[in-house]
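What follows is a short report on a single structure.
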4 protein chains.
Amino acid sequence: MDEKSEQPARTHPGRTGRTPDTSRRSESSRKAILDASMRLVGEVGYNKLTIEAIAARAGVGKQTIYRWWPSKAAVLLDAFTGVVDEESYQQGIPDTGDLAADLKAVLRATVDEFNTPSFEAPYRALAAAGAADPSLSEQFVRRLMEPGRDVYVRRFEAAREAGQMAEDIDAAFATELLLGPFQARWLMRTEPLTYEFADTLVDYVLRGIAPR
Amino acid sequence: MDEKSEQPARTHPGRTGRTPDTSRRSESSRKAILDASMRLVGEVGYNKLTIEAIAARAGVGKQTIYRWWPSKAAVLLDAFTGVVDEESYQQGIPDTGDLAADLKAVLRATVDEFNTPSFEAPYRALAAAGAADPSLSEQFVRRLMEPGRDVYVRRFEAAREAGQMAEDIDAAFATELLLGPFQARWLMRTEPLTYEFADTLVDYVLRGIAPR
Amino acid sequence: MDEKSEQPARTHPGRTGRTPDTSRRSESSRKAILDASMRLVGEVGYNKLTIEAIAARAGVGKQTIYRWWPSKAAVLLDAFTGVVDEESYQQGIPDTGDLAADLKAVLRATVDEFNTPSFEAPYRALAAAGAADPSLSEQFVRRLMEPGRDVYVRRFEAAREAGQMAEDIDAAFATELLLGPFQARWLMRTEPLTYEFADTLVDYVLRGIAPR
Amino acid sequence: MDEKSEQPARTHPGRTGRTPDTSRRSESSRKAILDASMRLVGEVGYNKLTIEAIAARAGVGKQTIYRWWPSKAAVLLDAFTGVVDEESYQQGIPDTGDLAADLKAVLRATVDEFNTPSFEAPYRALAAAGAADPSLSEQFVRRLMEPGRDVYVRRFEAAREAGQMAEDIDAAFATELLLGPFQARWLMRTEPLTYEFADTLVDYVLRGIAPR
DNA sequence: CTATAACCGAGACGGTACGTCCAGTCTTGAA
DNA sequence: TTCAAGACTGGACGTACCGTCTCGGTTATAG
């Protein structure tokens, strides 16, 4: 989680050992810290983001950060979760009956999202930090990736029930087949993320899972 | 490239004056630095790897590192390239006539490779650093990923000629379809990399690209 | 003050942000730094004295030195002031009625002092640094030289009142006449500092200021 | 001599061990080095003066400096000697028969000289470096100070023969009495060097050495 | 009249220290 | 007890020079 440690201690180093009293926590400080983190990561990037700068920007003592978070990645994860949670995954992917069209629509929207710097920068920072740090990636996947993944799984399941997908196809695996190339291309920047890519991806995947 | 900078300057900060004279470069120092980097990244991990430690281990002045590399990521990339280059991509993927079997064999070997800590640790470190730094990822992709990718592309092309793949399928895209989920799963550690995963992945992909 | 800077900036380079809070200064660190400086300058000499070595010896972070002092010369000045202050100038030069004898006694003691390496080394280092750096010499003169000079001035004034010195002689100038050759000889090492020199010096000076 | 070494090696460190062949020495390089030194010391001061900068400015390899001089102080000493030698001490101090007037005239000229920055800066730099380094001060005194001192000694001897000075006065000591306060005041900047100071100094000294 | 040994410009090299930045801990005083 | 503030130890950063060491190239005697 901390870029300085490969295997972060169970209780993080910044914590003096005592568990702080959550009930007395300052909500305004918490918000200021999360807010400052989001702003700063956009301004200077993740690697130049420092706890000190966050504290200074938030008008908060460094200890207040160390008291409640184990690392800057954790802070950022919290900060970003706050943003993403408001995006609602509740409604899921629309089901117009046209699986290809539905998937393309959502994937195209995701392309747009990942081409938006203010969203992309912190998300990428977290993904990169997660790639390096197992404990962070676990959090990152669970809190940021899985909600988005699940809506695809549900849509594929609906498709199967509607006979648009072969019976023996695993919806989760189909999702992985669809999102994997997308994520890989994005993370490693092998090629740009375009609508065309999204459409082609959907076409290829659907071809593999279509009923025979 | 450097974890301290999101957008490294064109000429990196470590370079004091200007372009050193390549012809007078000390080959023994170069090797010692690359060697020390590989050892150290295995011992302490990427984030705890320091230029100072590399210099000390290599018996070299820090400036000699800063003179020739812009960051520790670049050093590691060179060091790792030296190792990987010896792996031979020349022979490519065997063509026994059974596309599925051939792909599974190679992908299973890759699974093994990515489950070998001495290989995985520095490779992951570079991938993570590359995810955060565009100029590094460009290098990473070109020098470490593409050679591995190309052998798949060639195998798919052979398959198409052999009538094992539909005519309208793009070999490069098929490769992306195959390797994308693999890379995504590995980078984000969503699920473990197993032979079963490799096999299933090949099966799903081939189903999508098979001649109709 | 700093041997690296001829004209030190108003706020010295070592100071990152701005004026630290004096009230929270660690007294133990301050003492350890001053102590380590005095020991080290005796061991390795001024020019080989480094801030890093002082910090290491004092068990202190470098920043703690840079926070409170602009240069190693300033550290040494403080360290030396602490030593010298304990020497007492309070009683001044004895007045036995024999001006020549009184002056010779004190000047001979000074000869001894300047021939004592543990005293001479840091004092000379500061004097040399002061010769090169105006802001340091101002401090050096005010804190280390003037107290010693003043006792002579007072003795000369007493001598004038006692009729041992011509009425029109300026006590301060007489002091300069006495100490100038002494200092010049010491600094430039033109000749060794001996009792004979001290005595001769007093004789010559008194001859010039005696009542006619 | 070198600010990095308290006790410079007998044969200086920069010398590889072999004595270079003086007859093949490049005169143009020598001049360029001396010239660059003088310019640079005026621009950046002694402590910020570096061998590398001298070499660069002189368009000379570093080794060429290290081959012929043991330290930057030695270079500067040579450079300054070249300048000072042209000032002629040959004619000595005029002897108009009026000792006081003669001394005041010369001392006033010296006041002017020491108030001229282009002369004062390198001279002070050398004096300060000499104060710290015995082997340099020996050179400094012999090559730069003694020629100037000797003219005073000769003038005092002439004065004694002319009956303007007591028979038992040592001309060398009288000179020390005159120049010591001057040098001390200049080096430590206790007070400014003025004509008035020069005159008063002469008056006080002459009073002490006048025939009784 | 070469050749061969030096000096020379250039600058890479192993090092040391610089002054800075920031991590994570600790202390103080106010609320 | 939390909090803002910030001093503290510690360690790595990237830079600047040190003095040494090659590397061609260019003289300038010695054979």
Side-chain angles (χ1 to χ4, degrees), chain A residues 2 4 12-16 18 20-21 23-26 28-29 50-53 55-56 58-67 71-72, chain B residues 2 4 12-17 20-26 28-29 48 50-53 55-56 58-68, chain C residues 2 4 12-17 20-26 28-29 48 50-53 55-56 58-68, chain D residues 2 4 12-16 18 20-21 23-26 28-29 48 50-53 55-56 58-68 71-72:
Chain A
D2 181 356
K4 285 293 180 59
H12 63 81
R15 184 174 293 172
T16 317
R18 318 247 297 49
D21 181 347
S23 69
R24 309 190 51 166
R25 182 169 188 179
S26 160
S28 65
S29 290
T50 66
I51 299 277
E52 286 200 339
V60 137
K62 287 186 351 179
Q63 200 58 252
T64 303
I65 299 181
Y66 284 111
R67 189 153 31 226
S71 67
K72 69 174 178 179
Chain B
D2 183 354
K4 285 293 180 60
H12 62 83
R15 186 170 292 173
T16 298
D21 181 346
T22 319
S23 70
R24 302 186 46 189
R25 181 170 188 179
S26 161
S28 64
S29 291
K48 282 185 180 166
T50 65
I51 299 276
E52 284 201 338
V60 137
K62 284 201 294 182
Q63 200 59 41
T64 300
I65 300 182
Y66 285 112
R67 182 150 40 225
W68 301 109
Chain C
D2 183 355
K4 287 290 179 62
H12 63 80
R15 185 170 291 172
T16 297
D21 182 345
T22 319
S23 70
R24 302 185 47 188
R25 181 169 189 180
S26 161
S28 65
S29 290
K48 282 186 177 164
T50 65
I51 299 276
E52 285 200 336
V60 137
K62 285 202 296 182
Q63 200 59 42
T64 301
I65 300 182
Y66 285 112
R67 183 150 39 227
W68 301 110
Chain D
D2 182 356
K4 285 290 179 60
H12 63 82
R15 184 174 294 173
T16 318
R18 316 243 306 44
D21 180 347
S23 70
R24 309 189 52 166
R25 181 169 189 179
S26 160
S28 65
S29 290
K48 281 185 178 165
T50 67
I51 298 278
E52 287 201 337
V60 137
K62 290 197 318 182
Q63 199 58 253
T64 302
I65 300 181
Y66 284 112
R67 190 156 26 230
W68 302 108
S71 67
K72 69 173 178 178

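Order of the sequence lines sets the chain letters (A, B, ...), proteins ahead of strands, with each chain counted from 1. In what follows, every heavy atom counts, from backbone to side chain, and hydrogens, waters and symmetry copies are set aside.
Checking D:Val60 against B:Val60, the closest nucleotide of DNA chain E that is more toward the 5' end is the one next to D:Val60. Judged by closest nucleotide on DNA chain F, A:Ser29 is the one of A:Ser29 and B:Ala53 placed further toward the 5' end. With DNA chain F read from its 5' end, the first of the two nearest nucleotides for B:Thr50 and C:Ala58 is the one closest to C:Ala58.
Contact check, D:Trp68 against E:dC8: a side-chain N or O comes under 4.0 Å of OP1 or OP2.
Rounded to whole angstrom, the span from the CD atom of B:Gln63 across to the P atom of E:dT16 amounts to 15 Å. Atom P of nucleotide E:dC22 and atom CD1 of A:Ile65 are separated by 13 Å, given to the nearest angstrom. A:Arg25 places its CZ atom 8 Å from the P atom of F:dC3, with the value rounded to the nearest Å. Atom pair C:Glu52:CD and F:dA16:C1' shows a separation of 14 Å (rounding to whole Å applied). Residue D:Arg67 contributes atom CZ, which lies 12 Å from atom C1' of F:dC21 at whole-angstrom precision. In this structure, C:Tyr66 atom OH and F:dG6 atom P are separated by 23 Å, rounded to whole Å.
For C:Thr64, whose side chain is taken as the heavy atoms from C-beta onward, the closest listed nucleotide among E:dC13, F:dC8, E:dC18 is F:dC8. Of the candidate nucleotides E:dT25, F:dT9, F:dG19, F:dG19 has the atom nearest to the side chain of D:Lys62. Distance from the side chain of D:Pro20 is smallest to E:dC7 among E:dC7, F:dC13, E:dA23. Each of F:dC17, F:dC13, E:dC8 was ranked by its minimum atom distance to the side chain of B:Ile51; first place goes to F:dC13.
Between B:Ala55 and B:Gly61, the closest heavy-atom pair is CB-C, 4.3 Å. Considering every non-hydrogen atom in both B:Ile51 and B:Ile65, the closest pair reads O-CD1, 3.9 Å.
Residue A:Ser26 is classed as a sugar-phosphate contact, given heavy-atom separations below 4.0 Å to backbone atoms only.
Under the rule for a side chain to side chain contact (heavy atoms under 4.5 Å, CB included), the partners of D:Arg24 that lie at least two apart in sequence or sit in another chain are D:Asp21. Partners of C:Ser26 under the side chain to side chain donor-acceptor pair (under 3.5 Å) rule, at least two apart in sequence or in another chain, are C:Ser28, C:Ser29.
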Sort me out a list of protein N/O and nucleotides 26-31 of chain F N/O pairs below 3.5 Å, or just none if empty.
from	atom 1	to	atom 2	distance (Å)
F:dT27	O2	D:Arg24	NH2	3.1

